[in-house]
*Asks:* 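After the structure tokens below, expect a handful of questions from me.
In this text the structure is predicted, and so the values were computed from the model without any measurement.
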Amino acid sequence: MAVSRLFDERPIWSKNALTKRLLDIGLIFTHSKLRRISYYFSNGPFLRFWIKKGYDPRKDPDSRMLKPRWEDICTFRAFPYKMQTSLQLFELVDDYIQSEINKPPSQASCTISFVNLY
């Protein structure tokens, strides 16, 4: 029930943020338990995010912006201790970034392509 409430709050969670929120309320969930109500992509821009089952962020132009909670906002006051950190744009506390993502979407769907630099 607690995990379902988190996904009702917002349909996309970075893996680290979801784990932290669950630990904060005293719950430990394995990947197999989380897969019952959520999924994640094996590649692409949503690689490191748990996504609520039934929600497809590729079909929702508003998936680029979700309502933040203070626990999930990155304030850039500490250097990440992991080699790779995944953040959603709305988590970044920066006036320019926030003004850009708050603009109305110019397309009905979101298409992202990546260039392999190696």
Side-chain angles (χ1 to χ4, degrees):
M1 296 279 287
V3 178
S4 293
R5 283 193 298 271
L6 290 175
F7 280 108
D8 288 340
E9 184 180 312
R10 68 182 202 220
I12 301 174
W13 285 85
S14 70
K15 290 180 180 182
N16 290 338
L18 183 59
T19 301
K20 182 183 180 321
R21 286 290 298 276
L22 292 172
L23 288 173
D24 286 348
I25 58 176
L27 298 174
I28 298 174
F29 271 75
T30 63
H31 284 230
S32 61
K33 287 182 182 178
L34 285 172
R35 281 190 202 121
R36 293 179 188 171
I37 60 169
S38 62
Y39 67 97
Y40 58 89
F41 288 93
S42 60
N43 57 32
F46 298 103
L47 170 66
R48 304 213 184 279
F49 298 94
W50 284 104
I51 302 165
K52 181 180 181 177
K53 278 194 177 174
Y55 178 76
D56 188 347
R58 299 168 299 181
K59 295 181 179 177
D60 182 6
D62 288 333
S63 68
R64 65 193 171 90
M65 182 186 77
L66 299 168
K67 294 178 182 175
R69 291 179 50 104
W70 70 270
E71 297 97 353
D72 304 319
I73 295 174
C74 178
T75 59
F76 298 109
R77 291 186 181 158
F79 191 79
Y81 62 91
K82 295 189 177 190
M83 293 297 289
Q84 185 173 3
T85 301
S86 297
L87 299 169
Q88 290 174 278
L89 288 175
F90 83 91
E91 292 178 311
L92 303 177
V93 180
D94 181 88
D95 291 337
Y96 175 75
I97 292 171
Q98 294 304 314
S99 69
E100 288 298 306
I101 66 172
N102 283 313
K103 289 180 180 177
S106 59
Q107 302 175 167
S109 64
C110 181
T111 304
I112 300 173
S113 59
F114 292 92
V115 176
N116 187 351
L117 300 176
Y118 298 102

*Asks:* Quick one: does I12's side chain get under 4.5 Å of Y55's, heavy atoms only?
*Replies:* yes
*Asks:* Are more than 12 heavy atoms, taken from residues, nucleotides or ligands other than I28, located less than 6.0 Å from that residue's CD1 atom?
*Replies:* no
*Asks:* Do you know which two heavy atoms are closest between I37 and S4, and how far apart they sit?
*Replies:*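 Closest heavy-atom pair between I37 and S4: CD1-N, 4.1 Å.
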*Asks:* Within this structure, what is the CZ-CD distance for the pair F7 and E9, rounded to the nearest 0.5 Å?
*Replies:*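 The CD atom of E9 is 10.5 Å from CZ of F7, to the nearest 0.5 Å.
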*Asks:* Could you state the interatomic distance from CE (M1) to CG (L27), rounded to the nearest 0.5 Å?
*Replies:*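 Atom-to-atom, M1:CE and L27:CG are 12.5 Å apart.
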*Asks:* Quiz question: by atom type and distance under 3.5 Å, do the side chains of Y40 and R35 form a donor-acceptor pair?
*Replies:*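 Result is yes, a qualifying pair exists.
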*Asks:* How many angstroms lie between NZ in K33 and CG in L22, if you round to the nearest 0.5 Å?
*Replies:* 11.0 Å
*Asks:* When you compare the side chain of N16 with that of R48, does any pair of heavy atoms fall below 4.5 Å?
*Replies:*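 In short, these two side chains do not touch, never coming nearer than 4.5 Å.
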*Asks:* Considering non-hydrogen atoms only, spot the tightest contact between L47 and S42 and give its length.
*Replies:* CD1-O, 3.3 Å
*Asks:* First locate atom NZ of K53, then atom OG of S38, and finally report the distance between them rounded to the nearest 0.5 Å.
*Replies:* 7.5 Å
*Asks:* To the nearest 0.5 Å, how far apart are NE2 in H31 and NZ in K15?
*Replies:* 6.0 Å
*Asks:* Take atom CG of D95 as the centre, draw a 6.0 Å sphere, and report whether it contains more than 12 heavy atoms from other residues, nucleotides or ligands.
*Replies:*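 Not more than 12 within 6.0 Å, no.
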*Asks:* Which residues pass the side-chain hydrogen bond (donor to acceptor under 3.5 Å, both in side chains) test with N43, sequence neighbours left out?
*Replies:*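 Here no residue qualifies.
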*Asks:* From L23 CG over to L18 CG, what is the distance, rounded to the nearest 0.5 angstrom?
*Replies:*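 Going from CG on L23 over to CG on L18, the span is 9.5 Å.
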*Asks:* Is there a donor-acceptor pair under 3.5 Å between the side chain of W13 and the backbone N or O of L6?
*Replies:*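 Yes; at least one donor-acceptor contact below 3.5 Å.
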*Asks:* Anything under 30° is parallel, anything over 60° is perpendicular, the rest tilted; go ahead and classify F41 against F46.
*Replies:*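 Aromatic pair F41/F46 classed tilted.
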